[in-house]
Amino acid sequence: MMKEKGATIGRFAGSSIIALTLGLAAPAFAEDQPAQPAQAAPAPQSAGAEDDATSSIVVTGFRASLNQALDIKRDSTAAVDAIIAEDIAKFPDQNLAESLQRIPGVSIERDAGEGRAITVRGLGAQFTRVRVNGMETIATSTDGASANRDRAFDFNVFASELFNSIVVHKTAEAALDEGSLGAVVDLNTGNPLSFRPGVTLSASAQARYNDLNDNVGPRLAGLLGWTNADQTFGVSASVAYSKYKTAELGNNSVRWAQASFRSVDGTACDLKNPVGACAEVADAFHPRIPRYGLVSHDRERLGATASIQFKPTDRTTVSIDGLYSNFKEDRDEHWGEVLLRSEEDNIDISNYVIDDHNSIISADLDNVYVRTERYHRESETKFYQISGTIDHEFSDAFRAKLRGGFSRSDADIPVETSLMFDDRDATGYSFDYSDMKSPLLVFGAGIDDPTAFQFAEFRDRPSNVTNKFRTAALDLEWKIADGFRLSGGPFYRRFDFKTIGYRRDGVYCSTFDCPPGAYGAPVTGDISDIFKLGDAGQPSGNTNSWVEPNLEAATDFIDLYSQNLVLDQGGQRSVAEKSSGGWFQADFETRLFGLRFTGNAGMRYAHTAQSSQGFVSDTYVTVKRSYDDWLPAMNLNLYPADNLILRGAIAKVMTRPSLGSLTPGGSVDQFNFRITSGNPFIDPYRATNYDVALEWYFAPGALASVALFAKDIVSFPLSSSRDGTYASSGLPTSLLTPGTPAYQAIVDGEKPDRAFEFRTTLNGPGANLKGIELGLNLPFSVFSQSLSSFGALGNVTFIKSDVDYTVGGTVYTRPLLGLSKKSANGTVYYDNGTFSVRVSGAYREGYRTSTSGNANIFEGFASSFNLDAAIRYQLNEHIELSLDGTNLTDDYRYRWVDDFADRNYENNHFGRVIMAGVRFKL
């Protein structure tokens with residue numbers, strides 16, 4: 001049987017798995033086989049076929065990219081999965097994270113409907129290291145709350161068109177950078193020496209349409225490369241640009257809480273010692289800030305790459321690669337809400353219904369604190385990276401590769417403004433959460449009358465997060481004999497993290513003069529708008545229109561941006577981290593009992609020196625520490641047949657502590673009465689990973705696989721909480737902002753003994769995780785050559801994990817946070833080289849994200865399913881037409897609080913996205 005292939009590829013060794021095809025960077029110690037352009041290749045013959053005509057079918061496009069990815073997986077010594085671009089600057093998905101979810105064991109977290117972060121085999125984004133062109137880096141963007149201030153990599157920063165391949169390393173090797181309990185992900189932008197001699201040019205243009213807000217935006221990309229006739233010198237550059245708006249419509253409760261109300265069904269309550277119906281209501285949970293609203297995301301993304309490659313001799317290659325990305329977003333929020341939070345003792349409740357989970361699912365409320373809120377945030381992430389390598393063969397047996405680089409990610413939020421109009425004694429409000437996902441929220445008279453409101457509060461909280469990486473390494477290789485190679489070398493990395501935040505928060509009557517009895521400025525039509533809610537999934541009878549602040553007019557009215565900025569002490573912290581050490585690895589290939597046997601074994605040593613800075617009370621302090629890790633790793637592969645591989649791996653791995661957890665001192669949540677502090681002395685996450693896999697390449701382009709994995713996590717820091725008073729924290733009251741619930745309680749003396757929750761991170765007892773991945777790549781040519789244009793691929797992952805969490809003094813055994821017990825995705829396709837259709841679905845079971853608060857036990861997201869499709873038509877060898885659809889079912893994102901009650905946190909949707917375009921290639 002002839003082997004079907006879409007392009008000639010090199011052989012891959014160890015952790016240096018980087019595709020040689022389609023302009024991908026060569027591995028550090030790959031066998032010396034030159035990259036070749038895609039070409040015709042023989043197709044497999046059916047049993048008994050002898051007609052030579054059937055053995056010259058060209059495999060191109062999507063099918064070729066699948067074949068190349070399988071070749072990478074098959075030829076690797078370690079366990080890897082890969083995704084290859086169909087062609088230069090043409091990735092199969094519009095987002096790198098969304099491409100990664102096609103890989104077994106990988107699921108994604110979304111922001112504004114886009115993939116942002118990944119989870120690999122149950123371990124979240126902070127446990128995954130990401131390298132761009134072989135250099136570890138961190139790219140940071142903003143989400144619904146703030147900028148990413150941890151080790152997680154934000155994939156939405158980069159345009160997918162800039163990359164040609166993704167390789168996910170699922171088992172460790174001594175040669176592979178340490179720092180991951182989950183996986184190491186390589187993003188590769190390509191190199192010009194893999195292009196054909198002469199000029200290479202490609203360009204694409206798409207129009208992106210969102211059916212929830214009827215927005216149409218451009219998506220443009222282009223690549224230009226040149227390589228000399230001898231293929232010894234080449235240059236290339238690419239650029240990608242997109243601009244679009246995404247609407248997020250839905251509801252939000254801002255969690256649920258318990259509290260005493262002023263009266264119940266007309267009976268006044270003793271707030272400190274409620275009895276009867278007052279006690280029943282006080283003990284039940286109610287939504288803290290029930291609301292519907294719109295969150296609008298206006299995004300603009302620009303990316304560029306540049307590469308120079310030079311081969312002065314047959315034994316020397318010099319490469320310089322640069323990457324730039326600029327990701328901007330304006331986020332605008334419009335909310336109509338009621339503040340039950342901290343205001344219950346002024347509210348009268350009646351006609352209430354408490355369900356079996358002790359939740360007040362419906363009630364009428366009077367004397368309520370109605371608020372309409374306008375939020376605006378401007379954010380920009382700039383990412384730069386430059387890296388270089390010199391690869392030289394001193395002889396046929398010895399070679400060296402020197403590599404180094406620098407990257408910087410600046411996530412800047414110059415404006416983060418909130419404006420609030422309040423009506424603090426409104427009547428006639430009711431809520432009904434009988435349907436937790438789509439509650440009925442009804443406001444009384446005056447919600448659309450500006451004169452019923454006062455301009456009460458304002459906030460502006462600019463901030464910045466900066467990440468820097470410096471990397472230098474020397475990789476050496478010595479071929480001792482056929483089938484045996486030694487490699488190793490020293491490395492050095494320096495990572496710098498710094499975040500700082502400011503605030504210009506205020507209560508109107510604390511900043512400006514107000515007449516007696518007023519709590520804000522009168523609202524007029526000059527500083528207000530009428531907001532109309534669109535399709536937020538709300539039921540009939542819901543209030544869908546309200547007065548809200550006019551952003552520009554209201555900020556001008558108070559001259560907000562001229563007011564003094566105050567340093568947010570809890571928001572200023574930094575970590576400097578130096579990692580140095582070396583590694584040694586032996587790669588071998590032999591025969592054992594007549595069977596082919598390959599593998600590698602080695603040791604990696606890493607010394608980590610950390611310096612953490614943050615405020616303790618009013619003093620900025622520095623805490624230093626260091627620790628060492630010896631990380632052995634082994635990968636073994638047995639080939640019972642040429643198309644059957646039995647893999648096994650064992651390794652010790654580590655992930656450095658979460659950046660937020662390392663902060664000395666802490667920050668105060670003045671609305672939720674919570675003080676969060678760091679612990680610079682927590683241990684890294686450490687584990688021993690075990691992997692066994694069986695891969696059956698039963699036909700050209702086909703694979704059936706099963707992988708078993710287990711992680712014995714011996715060091716697992718966990719959050720811990722206790723109750724106390726603000727005075728016991730030792731923090732000054734100057735940290736409290738006038739007008740906030742905490743300020744009113746502590747400084748104004750309304751409730752000076754009000755309990756605060758103290759949260760920190762402590763070294764935990766460990767955890768365990770085990771799972772199974774099932775994968776199938778099935779070209780229908782295995783059934784009949786007449787079906788060779790059809791195929792399907794898919795995978796399913798099952799994971800079990802047990803961790804003991806202490807919440808409110810009780811121990812609960814639950815899976816790791818961020819872990820879905822089940823995930824699956826599948827694709828069916830038709831591709832005849834001219835016309836192709838793909839339909840892909842991705843399912844992720846619900847998962848927990850936090851131990852939660854307000855006496856709720858855990859919180860998390862419900863299950864999700866996303867359906868995407870793509871159509872391509874090749875007009876000729878130069879022009880291709882495309883039509884793509886994502887989130888075709890307009891899947892809602894439901895977030896809950898409390899494991900036992902499944903109370904609504906939020907439920908929203910983002911709309912379907914359709915993209916139509918054309919691509920040109922020369």
Side-chain angles (χ1 to χ4, degrees), residues 15 17 78-83 95-111 115-141 143 148-158 163 165-173 176-188 407 409 467 469 493 495 497 577 579 606 631 633 649 651-661 684-687 689 691 707 709 711 713 716-717 767 769 771 773 797 799 801 815-820 823 844 847 849:
S15 66
I17 306 300
V80 306
D81 282 288
I83 302 175
N95 181 287
L96 293 177
E98 291 165 11
S99 291
L100 280 164
Q101 71 180 335
R102 316 291 180 208
I103 288 177
V106 178
S107 49
I108 68 174
E109 296 176 14
R110 296 177 180 270
D111 174 44
R116 182 188 184 197
I118 67 170
T119 295
V120 182
R121 289 182 167 178
L123 293 172
Q126 74 180 88
F127 298 102
T128 298
R129 299 280 69 79
V130 176
R131 306 189 302 185
V132 177
N133 292 328
M135 195 180 96
E136 183 180 356
T137 191
I138 291 178
T140 296
S141 68
D143 65 1
N148 168 14
R149 292 178 170 85
D150 218 321
R151 298 181 187 272
F153 185 92
D154 292 340
F155 287 90
N156 57 353
V157 169
F158 297 114
F163 297 89
S165 78
I166 305 176
V167 178
V168 179
H169 306 259
K170 293 183 176 178
T171 60
E173 299 174 273
L176 199 62
D177 291 347
E178 82 288 346
S180 166
L181 261 64
V184 174
V185 178
D186 274 319
L187 308 178
N188 306 301
S407 71
S409 174
N467 294 304
F469 257 106
R493 294 192 305 274
F495 168 56
F497 161 84
E577 187 175 86
S579 305
L631 305 170
K652 287 189 176 296
V653 294
M654 59 88 74
T655 289
R656 295 177 176 88
S658 168
L659 295 172
S661 300
Y685 301 85
R686 293 188 172 104
N689 288 356
D691 295 83
F709 55 89
K711 301 178 188 293
I713 306 174
F716 194 87
L769 181 155
E773 294 172 356
T797 303
I799 303 175
S801 170
L816 285 166
L817 300 179
L819 182 148
S820 296
S823 61
R844 181 178 185 181
Y847 57 97
T849 58

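All values below come from the heavy atoms of this structure, side chains included, with hydrogens, waters and symmetry mates left out. Source: prediction; values computed, not measured.
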**OP:** May I ask you to say whether Glu577 pairs ionically with Arg493, meaning some side-chain N is under 4.0 Å from a carboxylate O?
**Re:** no
Original post:
If every non-hydrogen atom of Asn133 is compared with every non-hydrogen atom of Asn188, which pair is closest and at what distance?
Top reply: OD1-CA, 3.7 Å
Subject >> Under-4.0 Å salt bridge between Arg131 and Asp177 >> reply: yes
**OP:** Mark yes or no for whether Lys711, through its side chain, and Leu123, through its backbone, hold a donor-acceptor pair below 3.5 Å.
**Re:** no
Original post:
Counting distance only, does the side-chain N/O of Glu773 pair as donor-acceptor with the main-chain N or O of Ala707 below 3.5 Å?
Top reply: no
Original post:
Listed by chain and number, what are the ring pair (Phe, Tyr, Trp, His ring centres under 6.0 Å) partners of Tyr685, not counting sequence neighbours?
Top reply: Phe127, Phe716
Original post:
For the atom pair CZ (Phe155) and CD1 (Ile108), what is the distance rounded to the nearest 0.5 Å?
Top reply: 10.0 Å
Original post:
Are Thr137 and Phe153 close enough that some pair of their side-chain heavy atoms sits under 4.5 Å apart?
Top reply: yes
Original post:
Checking side chain to side chain donor-acceptor pair (under 3.5 Å) against Arg121, which of Asn689, Thr128, Asp691 comes through?
Top reply: Asp691
**OP:** Measure from the side-chain N and O atoms of Thr655 to the backbone N and O of Gly179, and report whether any donor-acceptor pair falls under 3.5 Å.
**Re:** yes
Subject >> Distance (rounded to the nearest 0.5 Å) between Asp186 CG and Glu136 CD >> reply: 11.0 Å
Original post:
If every non-hydrogen atom of Ile138 is compared with every non-hydrogen atom of Ser409, which pair is closest and at what distance?
Top reply: O-CB, 3.4 Å
Original post:
Distance-only, no hydrogens or angles: does the Arg116 side chain make a donor-acceptor pair with backbone N or O of Asp111 under 3.5 Å?
Top reply: no
Original post:
Ion pair present between Arg656 and Glu178, side-chain N to carboxylate O less than 4.0 angstrom?
Top reply: yes
